[in-house]
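What follows is a single structure, written as structure tokens, with notes after it.
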Amino acid sequence: MTRKTATRPTIGATISTLAFAGCSLWLMAEAAVSPPLQSWMLALCAASCLAAAFRKQIAQALAMWSQRSKHRDDTGSASDAS
């Protein structure tokens with residue numbers, strides 16, 4: 001049995017989120033003043049750090065999307081006459 005309760009983010013999760021966001025901003029700033037190849041690599045690292053900063057929101061969005069697509073599949077098969 002699972003319960004849906006509102007949970008507050010832990011201090012560790014908040015600190016890591018801020019660290020990933022800060023690292024992402026720093027990497028983007030470094031990418032802006034770097035040579036082209038290095039700039040692309042730093043931008044890629046910055047994007048991955050930004051994704052890590054928003055990991056909880058991304059996980060929630062993916063869970064909602066998968067539930068919605070599952071619900072869509074369930075309703076589609078129920079109304080199928082064949």
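Values below: all heavy atoms of this structure, side chains included; hydrogens, waters and symmetry mates excluded.
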Side chain to side chain, M64 and R68, heavy atoms closer than 4.5 Å: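 Answer no - side chains too far apart.
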
Taking all non-hydrogen atoms of both residues, which atom of S16 and which atom of A13 are closest, and how far apart?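 Answer, listing the atom of S16 first, then A13: OG-O, 3.0 Å.
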
Let me have the donor-acceptor pairs involving side chains of residues 19-42, under 3.5 Å, with sequence neighbours excluded, atom names and distances please.
residue : atom : partner : partner atom : Å
S24     : OG   : A46     : O            : 3.0
S34     : OG   : E30     : O            : 2.5
S39     : OG   : A31     : O            : 2.8

Residues in side-chain hydrogen bond (donor to acceptor under 3.5 Å, both in side chains) contact with T14, at least two apart in sequence or another chain: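 side-chain hydrogen bond (donor to acceptor under 3.5 Å, both in side chains) check on T14 returns nothing, list empty.
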
Is there a path of hydrophobic side-chain contacts, each under 4.5 Å between heavy atoms of I/L/V/M/F/W/Y residues, joining L62 to F54?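 Yes, because F54 and L62 connect within a single hydrophobic cluster, where side-chain heavy atoms sit under 4.5 Å apart.
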
